[in-house]
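Presented below is the structure to which this report refers.
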Amino acid sequence: MDQVKETSTLAIHVPDSFDLIKTFDSGQNFRYTVEKGWLTVVVGERVLKAKQEKNRLIFKAIPPEDLSFWTHYLSLDEDYDAYLKELCTDTPMARALEKGKGIRILKQPLWEMTVCFILSQNNNIPRIKKLVDALCTTYGVPIHHEGAVFYTLPTPERLAAVSCEELRLLGVGYRDRYLVDAAERFAKGEIREASLKEMSTAEARKMLMSIHGVGGKVADCILLFGLHRYEVCPHDVWIKRVFKEQYRLETVTEKNGYALARERWGDYAGLAQQFLFYTARQQQK
DNA sequence: ACCCAGGCTATCC
DNA sequence: GGATAGCATGGG
């Protein structure tokens with residue numbers, strides 16, 4: 001990837017198999033905004049402002065000089081052309097790959113994914129974004145930069161110190177105690193990223209599901225987006241609909257859903273799912 | 001006003 | 001083991 005330095009910005013070449021906006025608009029990140037073509041996202045204590053013009057991706061990162069972090073975060077260091085070739089096994093998938101061309105799975109922080117997907121249950125994406133934003137502005141740490149201010153996601157320690165009543169006031173609903181339990185488990189070190197990384201996917205899933213309020217679907221999203229287990233295929237209401245209508249599953253259960261995904265898309269079932277999810281949602285709009 | 005949303009827990013059989 | 005009510009809240 002050749003880099004060209006500009007005035008405090010950086011531009012890199014990206015392949016056709018990368019689309020910045022589609023990637024963020026595929027329901028895996030809840031902290032981004034887009035304004036005049038510029039996408040802004042906070043990750044940990046960093047901020048990225050980026051704009052894509054065809055095969056050119058323009059960066060303004062805070063702090064600067066951190067290119068390798070962002071190329072990894074955006075999965076630009078992976079060979080998606082190779083992955084996608086293996087997915088094109090049937091007509092609905094071929095259509096989704098075309099519609100969603102450019103989507104990548106982001107390498108997002110484990111804790112962020114845990115919080116976001118606990119909030120995601122029985123909820124819609126615009127409201128999930130609002131709730132996450134409220135958590136950040138209320139309990140996060142401000143990052144000041146050139147007159148603008150961004151907020152980090154509160155740490156497990158910070159969130160563990162917040163009462164359910166207080167969280168309820170932000171609008172999180174009955175998920176208040178789920179957030180507190182997750183925060184406590186992370187803060188106490190009962191859930192550790194290093195341990196999860198060493199576990200098999202099945203073991204890690206069980207560990208995540210020991211958090212009160214994390215069931216199979218939320219655990220799967222954490223595994224896919226936060227631990228990069230590409231073989232994991234979360235099925236939410238949209239995917240169930242797709243499996244029913246386009247893959248002829250009469251009733252989608254955890255069992256037959258996973259079997260179908262694993263059978264057709266193997267180690268990349270999670271990627272396949274992301275394209276189907278994006279396409280199904282776009283169709284509705 | 002109504003149905004729905006990247007579901008989970010508790011409780012039933 | 002599998003099926004179902006109840007859940008807080010607001011987007012469309």
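Letters go in sequence order (proteins before strands), and every chain restarts at 1. Computation of the quantities below employed the complete heavy-atom set of this structure, encompassing side-chain atoms and omitting hydrogens, waters and symmetry-equivalent molecules. In this text the structure is predicted, and so the values were computed from the model without any measurement.
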Distance, rounded to the nearest Å, where K129(A) contributes NZ and dG12(C) contributes P: 11 Å
Between W70(A) and F59(A), is the ring centre distance below 6.0 Å? no
d(CD, Q284(A); P, dG12(C)) in whole Å: 12 Å
Does K130(A) put a side-chain nitrogen or oxygen below 4.0 Å from OP1 or OP2 of dG11(C)? yes
Heavy atoms only, 4.0 Å cut-off, all strands: where does S26(A) land among base, sugar-phosphate and nothing? base
Take atom CD1 of I128(A) and atom C1' of dT9(C), then tell me their distance rounded to the nearest Å. 12 Å
Under 4.0 Å, heavy atom to any atom of DNA chain C: which of residues 103-125 of chain A qualify? N122(A), N124(A)
Remember a base hit wins even if backbone is also touched, and classify G213(A) as base, sugar-phosphate or nothing at under 4.0 Å, heavy atoms. sugar-phosphate
Looking only at the aromatic ring of each residue, does the gap between the centers of Y278(A) and F275(A) stay below 6.0 angstrom? no
Near DNA chain B, under 4.0 Å by heavy atom, which residues of residues 261-280 of chain A? Q273(A), Q274(A), F277(A)
Checking all strands, does R241(A) fall into the base, sugar-phosphate, or nothing category for heavy-atom contacts under 4.0 angstrom? sugar-phosphate
Got a sec, which hydrophobics cluster with Y151(A), joining ILVMFWY side chains under 4.5 Å apart, including via others? V149(A)
Counting heavy atoms from C-beta on, name the nucleotide in dA10(B), dA8(C), dA5(B) closest to the side chain of H212(A). dA10(B)
DNA chain B: 5'-proximal contact among R127(A) and V218(A) (nearest heavy atom): R127(A)
Short N-O contact, D133(A) and R31(A), less than 4.0 angstrom: no
Presence of salt bridge, R95(A) and E98(A), under 4.0 angstrom: no
dT11(B) and dA8(C): how far apart are their P atoms, nearest whole angstrom? 14 Å
E254(A) atom CD is separated from dG6(B) atom P, nearest whole Å, by 19 Å
In whole angstrom, give the distance that lies between atom CG of L179(A) and atom P of dT9(C). 13 Å
Which whole number of Å gives the distance between the P atom of dG12(C) and that of dG7(B)? 16 Å
With a non-hydrogen cut-off below 4.0 angstrom, is R168(A) in contact with a base, only sugar-phosphate, or nothing? sugar-phosphate
Is any side-chain N of the basic residue among E165(A) and R177(A) closer than 4.0 Å to the acidic one's carboxylate O? no
Interatomic distance, L169(A) CG vs dA8(C) P [rounded to whole Å]: 14 Å
Using the P atom as the reference point in each nucleotide, state the distance between dA5(C) and dC4(B) in Å, no decimals. 15 Å
Verify whether the ring centers belonging to H144(A) and F150(A) lie closer than 6.0 Å. no
Result for 5'-nearest mapping on DNA chain B, choosing between Y178(A) and D236(A), is D236(A)
Neighbour count above 12 (heavy atom, 6.0 Å) for K99(A) NZ: no
At under 4.0 Å, does any side-chain N or O of R281(A) touch on OP1 or OP2 of dC4(B)? no
R175(A) CZ to dG6(B) C1', in whole Å, measures 12 Å
For the ring pair Y268(A) and W265(A), is the centre-to-centre distance below 6.0 Å? no
Tell me what V172(A) touches on the nucleic acid: a base, only sugar-phosphate, or nothing, going by heavy atoms under 4.0 Å. nothing
Length of the line joining R177(A):CZ and dC7(C):P, which is rounded to integer Å: 12 Å
Is the number of heavy atoms from other residues, nucleotides or ligands within 6.0 Å of NZ (K22(A)) greater than 12? yes
With P as the reference atom in both, quote the distance from dG6(B) to dT4(C) in angstrom, rounded to an integer. 23 Å
Is the Y178(A)-F117(A) ring centre distance short of 6.0 angstrom? no
